[in-house]
Structure formats: C-alpha cells, structure tokens
Amino acid sequence: MAKEIHKDRVLEIDDIRVNFDTPDGTVEAVRGVSMHVQRGETVAVVGESGSGKSQIMMSAMGLLASNGHATGSVRYRGDEILNLPVKKLNKIRGAKISMIFQEPMTSLDPLYTIQDQLCEPLMVHGGMSRSKARARVLELLKLVQIPDPERRMKSYPYEMSGGQRQRVMIAMALANDPDLLIADEPTTALDVTIQADILHLLAELQARLGMSILFITHDLGIVEAFADRVYVMRKGQLEEEGATEQIFHNPATDYTRMLLDAEPSGEKYAPDADAEVMLSGKDVVVTFGAPGGFLRKDTQFTAVKGIDVALHQEQTIGIVGESGSGKSTLGRALLQLLPSDGRVVYLGQEISGLDRSHMKPYRDGLQMVFQDPYGSLSPRMTVSEIITEGLLVHEPGLSQRERADRAAQALEDVGLEASMRNRFPHEFSGGQRQRIAIARAVVLRPKVIVLDEPTSALDRSVQKQVIELLRRLQKEHSLSYLFISHDLAVVRALSDYVMVMREGEVVEQGLTEQVFDNPTQEYTRDLMRAAFDLREILREKLA
Amino acid sequence: MTDMTVDNAPIQGESRSLWATAMLRLRRNKAAMASIFVLIILALAGIFGPMLAPHSYSKVYPEFVKVKPSLESYPQEEQVIPAAESALRRARVDLGAIDVEDGKVRIEVSSDSRDIDPRISRYLDRSSVFSDAEITVDPTDPKKGVIEASVQQLYFLMGTDANGRDLFSRILISLRISLMIGALATAVALTIGVIYGATAGFIGGRVDNVMMRFVDVMYSLPFVFFVILLVVFFGRNLVLMFLAVGAVEWLDMARITRGQTLSLRRREFVQAAEALGVSGKSIVRRHIIPNTAGTVIIYMTLLIPKVILLESFLSFLGLGVQEPLTSLGVLISEGAKNMRNAPFMLFYPAATMTILLFALNFLGDGLRDALDPKDR
Amino acid sequence: MLSYALRRLLSAIPTLFIIVTASFFMMRLAPGGPFDQERTLEATVMANLNATFGLDKPLWQQYGIYLSNLFQGDMGPSFIYRDKRVHEILAEGLPISVQLGATALILALVLGALLGSIAALRQNTKTDFAVIAVATFGITVPNFVVAPVLSLVFAVILSWLPAQGWGQWNQMILPVIALALPQIAVVTRLIRGSMIEALRSDHVRTARAYGLPTHMVVGKHALRAAILPAISYLGPAAAALLTGSIVVEQVFNLPGIGRYFVIGALNRDYTLVMGTVVIVAVFVVVFNLIVDLLYAVLDPRVRYD
C-alpha cells in the first residue's frame, strides 16, 4: 500500500503496536493506533491511566523499556524513525523533536548543574563551543522566565522548586528550536497555580516560536483550555479523535461522554448550626525536627501553626491547600497519630496527648482513609483480614462468624462483592482498593472519618464513583468527614465548609459556596482561578 | 453509563498471595531450581553420607598415604607384593614366590634356622591391605609354609589424605559440619539480628540511636580479632564456635531489619493499623514481620555461604574444628599445603565448596528476583 | 565541609575510646596469659617477667598506663617480640599491607566498574550472564583457595612469577590479584545492579530523549549515580584491605601486618592485639569519613553543615 506523504505533517504515526514481555506473559499496551501532528498545531492525547498514551511517544522516541517492542510506523516529516538505530535517532531527538516529562523532580540529573545539563544538547546537536552554549543557556533561561538566570545557571536541580525545574526542562526542550515538543503530563505533579503558569508559558512560547506541541494528559480541563485537536485513548486503542470543540460538545462515544461527565458534581448542604460537635481542635501546633544544639543545626520546622477547627455531626469540612501547606499533618494530628500541641476534644472528651493504649477506646469512632490505595493496604493480608483487623481490637467478643458477616456487610456497603474477601490487595484496581480501605474504616461504625486525599490517586471516572460512595455512606451512617484535598473540584462537590491552608496557617474559611464563589483573600482567588478558569487565564494572558 | 461498572468487575482467575506468586516465579528460574536440587543432594550427602560411606572418616590406612583418586580398587596389582613384603619383613622369614590371584595372595615362606611360627600370619592381618590370613605349615618340613590371605579391595574415589584417610569420607563428614555450622550460625545471627534490628527500628528515637551506635562500634572492631578472641575464649568447641560466628554475623542482619522496619513504619498501611488502634505488638507481628520476611529470607540464603566461608577461614588458620573431625576449610587448607604432589587433595574439597556456595548464591539471587518484584 | 570533617573526626574519639576499652578488657578476660608457654619457668622468674611488663599491677592501673602511652603514640612493648615496641612492629608491616591493599582496591574499583557497566548495558544477554557467572565465582571461591592455586599455576607450574617474598614489583602481582579478585566480584555485582537502576531512571531517560550519544549517557549520567553504592561499600572494604590480609600474607610469605592479628591473639600478646585493634579501628573510622566526604563531592544533594 503506497503511503501518502503529507509534507505538512511533523509527526505521523501509523498502526503502532507496543508489547511488553513480563514474567507473567506479554502485555499489549498499545493495539494499533494512528495519529498525526500538523505543523504549528497543538494536539492532545487524553486517556486514563493504562490507556497506553505515554507508551506511544516512548516508542516513537526510542525510549521504551528494554522489555518493550513496538511495530508499525512513526514518521518525522515523512522519514521513518521507529526502531531506528540509536545513532540515527540521536540526530532527531533533542534536535527536531524534544520532550518534557511528568516528574520535574527526577527528570533532571541531580548530580549536575542546570548549566551543565542545558549545554549538553546544544553542544551535541548544535556543535557549539562551551562558552557559546553557555550564552545560549542564559538566553533560554530568560525565555522561560526563570528569575535571576545568571545565578540559577549554577544551581543544582534540588535547589529549585518543581515549577522552576519544569521551566528548566522546557528551556532544554527549546534549546535547538525543535519542530515538535512532546509534553508527557508536564503539569500533573505540580500545584494548580504553578500548573497554570507553566501552561501559560508553553502557550506563549508556541505562539512565539511556532513549534507543534503534542500534549499527553489525563486532565480534560487542560485539554479544553490548551489543545486544537484531541485524540481520546482507552485501553491501548483510539476511542475517537476530533477538534477540541467538537469532542467537548459532541462526543461520539459513550466513553468520551463518560470522561466528560466524570467531573465531580453535586453539593453538600450544611448540617444544622446546633448539630453536636464531634471533633474539635484548638490552637493545634505540629513541629517536626529537633532544636539546634552544640554543633548541630536547628532542624525545627512548624508544619501546623495554631489552627482551630470544629467538626459537627454530618458535616464535611474540606481542607484545601497546595503541597506543603500542612493539611495532611493537621488531619493526622487531630487523630493523635502525630505528636502535637493544643487541645483536641472528641465527643466532649479531651484526647490530646493520649498515648497509644489510652487512645485505643476512641479509635473505633475516629477513622482515617489514606491517599495511596496501593500503600495503605497490608500487602500480605487478605481483604477479609484487613477489614476485620479493627474488629479484633475493638470488639474482641465477636465470634469468627459474626466478624465474617460484618466484613461481608462492609464490603457490600462499599459496593464490592463479598466473594472478594479472600483475595489479596494486589489483585484489585486502584478504585477497588480505595473501596476496601473505606470498608476497613466503616466496619467499625465510626463517627468521624478523616479522608486524606482519598481520590487523588484515582482516575476521574473512578474518582466520581468514590465520591458517590462517600456521600451515600455519610447519609446512611450519619458520618462526619474531614476531607483533605488539593483538588478543588472534589472538595466543592463533597464539603459544606472549607478551610484554605497555606504554609501551616488557615488563610480563609467559610461555607463552601461563599469561599468558592466569593473568595476574600488574594491567595484563594488565585487558587480558584487556576483550578476553574484555566482557559480564561491562558486566553487573557496571550491576548 | 456502560463503563461505570468496570471498577466493580469481579476479578477472574485463582486468587494468589504474594508468596504463591513468588514461588511460581522461583519455579521458572532454572538456575535457582537447579541450585535447590544440588543443595538437597549435598544436604542428604552430608546427613547420610558418613553413615553409608565405605570408610570411616577417621580410619587411617598407613599404606595408602596420598594415593590418587581412582575408580579401581586399592591396592593395585603392583602394590600387593611390596605390601606383603613390607608387612612380613618383621616376621624374619624368607619369602618365596608370591602369587596374586582373584583377590587372594599366596606367599611361600621359609626359614633356614627355625620352624615357622604360625603367628606370623598376624603381621599380614595387621596391614590394612590384607585380611583373613591363614598359614599352613608344610607338614613335612616345619621350616616351610604357605600363607594365604585375601587382599582387601579398598576404593578411594577421591584419593586419600596425608594421613592415609579416605578423602571422600572426609568430604562427606566435612559437608555435614559445614552445613551444620552454616545453618546454626545463620539461625543465631538471624535471631539476634532480627530482634535487635526490629526493636531499634520500631522504638526509634534515642533508643534506636544508642543501639545503632553500638552496632557501629562493633563494625569498627577488627572482625577477625573478634572471632579469634571468641574462639580463644570458648575454646575449640564446635557448638560454641558457631555461636561465636553467629554472634559476629548478626550486625548486617540488624542493620537490614532496622532499615526495613523504619521504612515500613512510614508506610500507610502501618499508619492505618495505628489509626485502627492496633497495639504495637500486633503491628509488629501482623504488619512488620510478614513484610520483612522476604528480605530476611533473601539475606539468609546469602548469609549461609558467608558463615561457611568464615568457618573455613578459621579452620584454615587452625582455629576451626579439631581432628579427626574436619570441615571443608580444614580440607582445603591441607590441600593447599599438599597441592604440589597431591593436587587432588585441594581439588575435591575446593570443588565441593565451590558447588555448595554457588548453589547457595544462585538460590539467593533467585529468591531475591522472585520475592522482590521490582524485576531487576 | 571542613568543619564537618573536623566534627566527624572529633566524634570518632569516643568511638575509638569505647573500642579500645572494650577490647582491652575483653582480651584480659580471656583465659590464659602471655607467658603460658613458659610454664617451666620458676615462680620468681615469672613474677619478674610480670613485673617487667607491668602485669602485676591492678587491671585498671594497667589500663590507665596503656591509655596514656597510647595517647603519646606508644603502643607498649610486645610480649612475643620482646626487643620491640608494638608500634615499631606495626610500622614495619603497615607500608607493605597498605601498598598491596591500595593497589588491589584501585584494581577492584576500575575493573568492577567496567565489568558491571558492561553487564548492565547488555542486561540478560550472554555477556551479562558471563559477567555474573565470573563475579559469582569470585565471590564464592574463598581467597585461601585462590591464593594457593594462583601460586601453584603461575609460580610453580609456569614459573612466570615468583611464588613468594617481597621487594620486587613482580612479587606483588599474585598477591594483588588474590586480594582484588573477591572485591572485583563484589563491585561488579554492585555496579551492575545500581547501573541497571540508573539506566532506568528518569534523568537518564531525559539524556537519551535529548539525543546524547551513548558514551555520554552512560559515562556521564548513569555511571556517576551508579558508583555511589559501590563507594559506600568500598569504605569498610578499604579499611579491611589496607590493614592486611592474613591469608594472602601467609600464602605468599609477605611481611605485612595481617599475620599479627592471629599471632597476637593466639599468644595472648595483649599489646600486639591492642595495636592491631587500634590500627583497624582508626582505618575504619577514617575510611567511613572519606566515604562520606566523597559522597558529598559526587552528590551535590548531600550537604554537611
């Protein structure tokens, strides 16, 4: 079959298939996908985890893990580049096509300065001398708006923040004026406000330099704000493609519709003002590290700086904040899982400072669900052992039979089949594991549950189910939630009261509607805009 | 909403724990399975070999010092006559024709001066070459006689050592000793190390600091000096020796367990257990120990060869087990001394040791690959 | 950095003190004494000997004298080599042990890094398996087998190299190989493991994605990260190598200090044993410090202040 050559297509991918050999057999990660990128175009590839979207780009760039194989065709301006020998491929990658990655923390070599790393592609591809390359590095750092670039050139990656590192990566990507920039989830690991900045920078640079961008993401909000055209992927196959407008307004498949629908929705009404106070904290302070001493540096760091909180029955308080704001620390301190100062009262009983054994009688009423569904379940215990562990502690009188019944009931409560109880955590998907973690908490019939980013590690569609579940459980069991999250959309859907935290302090708090619709603080406003009005930000600044 | 139920889909197939998965993976590793097979054979050889071996490990054959390994029996044809001659030298009789036939020897003896004393047949019996010696004195001439004796058929598959002991039997008994020391000293090291490390890691803080500082100090002690001192202390007693070896080797184990415990403590499932109100003891039992077990097992298979090496090293220095008992290290050391004229004395023990250690190392590697699904 | 080094050296003093104290009393608690072999001696002569060496004083007093002498660089008189002080004995042997050990160490690091990198780059190929097999062999076969076999093959059978002795350069070859072999094997395995990990790391992926030639990706980015674990292994290993190997010195008849560990302990030569303990402890402490400082040089994230 003669292939048509499209001169204006920077990248063309035909029927690419990617397989991985694993000890447990071959895994088909990508099953015949075709796509292309036009000159100057911004194309988004969107899909949930495991859809194979990243693996396509990895194989195109010759970066597959050693157990992966790719077949099909990838052409750069009509020339085949898939499975090219490294030497030939090296003429393209870094020069004509460059790439930025998800993890700005680890994508730069921690052992070399920014300048060293940025000079390398310039010297290798552009044949520049070191001094010439250095001048160009400075220029690039200015281009990506790194403050104080002369000094920053000599910094090591660990001395920079995540956002700055991603700017450095972008500078590196632009070093040799590439035709195509592949961005693999470049903002996923960043806080929302920084995400907005980075996206804005990318849009601006594209407008100025005219390269094409291929953007891989799971975040439809970014796609809508940023891309001209979209490919939707699912389980290694292309679900549909089209112009952004069209996909968002007229999705052709159920799956795309479901993805678009998965944006958390709904709201929570506040309980009566005179509802009983379940858990309250007064002037909670958490300090890490040790004070300085003879020949020793002071490593003390106050993560939570005197916060008051009162959680009423059936209330959900959302605690939002960016990474490092101290929100998780606060949650753990309230449950006495961390040593803290201040007064914490549960059902009229002061529990602050109680040790493990004195805390035990209160633990069944105060439960917690953690962020990482892969790390929060003991890997060598069965689901039923995991769920009944708390019953062994708090209701030792139960017979084995009764415990099994309670476990089955709890599994049913969270929408899992009781027949799954003899399986091990590693056999479940992320969403299912989170359900198990929730079952472990509700089996004790708690009154208060601290939810620490319970939906952050999940895909949007799964997230939505977990939110529904939490909502239903709250109603059925009159639960009070302390919901900790950086995801404003989820917080808005679940909580009736919001506290915005920053650097260990509460910046603003109030009823959800009030905080979300009429934020009074500058910081809250920035946060809201970055989360909900990404499109406006990009448009406004470009204009 | 066709896809909303995906997340609740029941999983297919048989349920497998991480252990079962690891065992499956191990079974696919040919080198590790071969190692297990070899180890079983060596262990059986060590346990039952000495009982079944044709020679006792301590039996000395003075006529057969440093004989070469051979599949044929000793004495060889040409050795019989000189052996008979030397055995009868002290009988003070003249030897006539000596015939060797079908594992029997027939010796004509005569004397010029006196009658043949029938008791001289004992000289032959005394030699390990001959047995059942019988003398028939010529009824017509008491100064003449014929001695008939069976020639022993001794097999020295791997030759004999400098004292004339069967090397094969000695290797079997040394295998037993080495494996025993390997297993018991490892058990000692494991017990001390795991308890010490887990305690330090779980309590943390100042206790951990002090406990680990002690380990650091122990590390800075010259290791050899320490073992030698312990051996000197306890005397050369087998049981006490592997206690000593184990007591020295626990340091690594303690460090590893402590590191594991510390990192497990930070894992969310341990925090979750704390949030459930599970007691410290139960957390250690249900959450920490099962999850350190993989590392401990891997380390154990690597510790056994280390311990065996250490014992051999001590034996090499002459501080190990005492004669006539022996260990691979003793045999290798003797072999090294005699390697110029009897290289097999070095070769067989060294080969046995190498096979044993290879098998243990490959098994350890295989276990690590199987238990640590990071997939190197 | 300098202040860190100083601080570490200062904090080594209590460690050394504990080691000296512990081994002093442990040694004394062990049954037997330095003059046991001379049991035939009359009681008066024995008492005389004890008095000459200060063994008649109470133990704590002996300890005090030993400490104060040690502080002045005097390790006391040897009980078996009666005409010498312990530090003189050790000073004669140490340069030889250090020279051997250092050569073996460098050989181990260079060859280990090379072999380990090659194996990692060719993971799961025949080359890789060959390197692993050789490395496993090097770890498994004890040096009291390797050393005599080397001597047999190259000195006795082939007569290429001298079998023993010290002084000429070619007398160093066999002992260095015997010393280095197990270390090469360990370093190879370490580097292979950490190299495989490094090659999979995100920043190496970045280097490859930017079209850097393979020698840069491996030599500059992967190897520097991969060598760190090997360095922290080599710290204690260096201390052990430089203070002499009992086996190698015995087989090749070298006048290093390794043999004094055994001679001293077996003969209850208290001061000689203490001398070896102090030397080893100092080397361990110093090399741990060197490793930490090297780490800081190689890894800018590590900062000591």
Side-chain angles (χ1 to χ4, degrees), chain A residues 22-24 67 234 254-255 257-258 261 332 335 337 356-357 359-364 366-372 374-382 385-386 389-390 392-394 415-417 419-420 422-432 435 437 440-441 444 450 461-462 464-465, chain B residues 1-22 24-29 202 205-206 209 263-283 285-294 369-371 373-376:
Chain A
T22 70
D24 306 311
N67 62 340
R234 181 193 173 201
D254 287 345
Y255 180 72
R257 213 167 294 134
M258 188 273 296
D261 231 32
R332 287 184 159 101
L335 291 195
L337 292 171
R356 196 195 290 271
S357 55
M359 240 340 260
K360 194 177 134 185
Y362 305 106
R363 289 259 179 240
D364 56 345
L366 291 166
Q367 274 305 303
M368 181 148 183
V369 174
F370 296 85
Q371 169 172 3
D372 179 11
Y374 294 85
S376 65
L377 304 176
S378 211
R380 300 194 190 273
M381 288 165 75
T382 63
E385 283 169 340
I386 289 170
E389 184 170 22
L392 285 175
V393 176
H394 294 285
L416 291 174
E417 283 171 34
S419 64
M420 293 177 173
N422 289 325
R423 295 188 173 263
F424 291 88
H426 63 99
E427 299 177 272
F428 292 86
S429 71
Q432 288 174 321
R435 285 170 191 267
R440 167 174 61 189
L444 292 175
V450 172
S461 57
V462 181
K464 182 167 175 146
Q465 301 169 36
Chain B
M1 300 307 251
T2 49
D3 293 293
M4 290 299 276
T5 50
V6 165
D7 193 39
N8 297 340
I11 355 169
Q12 303 299 316
E14 217 178 304
S15 172
R16 262 194 240 131
S17 74
L18 290 179
W19 289 115
T21 319
L24 264 182
R25 253 188 242 129
L26 186 66
R27 227 168 283 157
R28 263 186 239 134
N29 184 335
F202 193 74
R206 192 162 297 168
N209 261 340
S263 81
L264 281 171
R265 281 213 66 175
R266 280 194 291 269
R267 294 281 294 276
E268 283 189 342
F269 64 82
V270 172
Q271 293 181 21
E274 266 171 36
L276 286 174
V278 180
S279 69
K281 221 164 59 186
S282 301
I283 289 182
R285 204 185 64 231
R286 269 205 293 271
H287 298 277
I288 303 225
I289 289 183
N291 286 298
T292 48
D369 290 350
L371 289 170
K374 239 191 301 171
D375 174 35
R376 288 181 311 146

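Hydrogens, waters and symmetry mates are skipped; everything else that's a heavy atom, side chains included, is used. We name chains A, B, ... by the order of the sequence lines, and we start the count at 1 in each one.
Heavy-atom distances place the side chain of A:L392, and not its backbone, under 4.5 Å from chain B. Contacts between B:I283 and chain A at a heavy-atom distance below 4.5 Å involve the side chain alone, from C-beta outward. Only the backbone of A:L377 comes within contact range of chain B, with heavy atoms under 4.5 Å apart.
Per-residue heavy-atom pair counts under 4.5 Å with chain A were compared for B:E268, B:R267, B:E274, and the maximum is reached by B:E268. When A:M381, A:R356, A:R257 are compared by the number of non-hydrogen pairs under 4.5 Å with chain B, A:R356 comes out ahead. Of the listed residues (A:L335, A:D364, A:D372), the one with the most heavy-atom contacts under 4.5 Å to chain B is A:D372.
The shortest side-chain heavy-atom distance between A:R332 and B:Q271 falls under the 4.5 Å cut-off. Using a 4.5 Å heavy-atom threshold, the side chains of A:M420 and A:E427 count as separate. For the pair A:R363/A:V393, no side-chain contact is recorded, criterion being any heavy-atom separation below 4.5 Å from C-beta on.
Applying the side-chain hydrogen bond (donor to acceptor under 3.5 Å, both in side chains) criterion to A:Q371, with sequence neighbours excluded, gives no partner residue.
Salt-bridge annotation for A:R380 and A:E385: absent, with no side-chain N of the basic residue lying under 4.0 Å from a carboxylate O of the acidic one.
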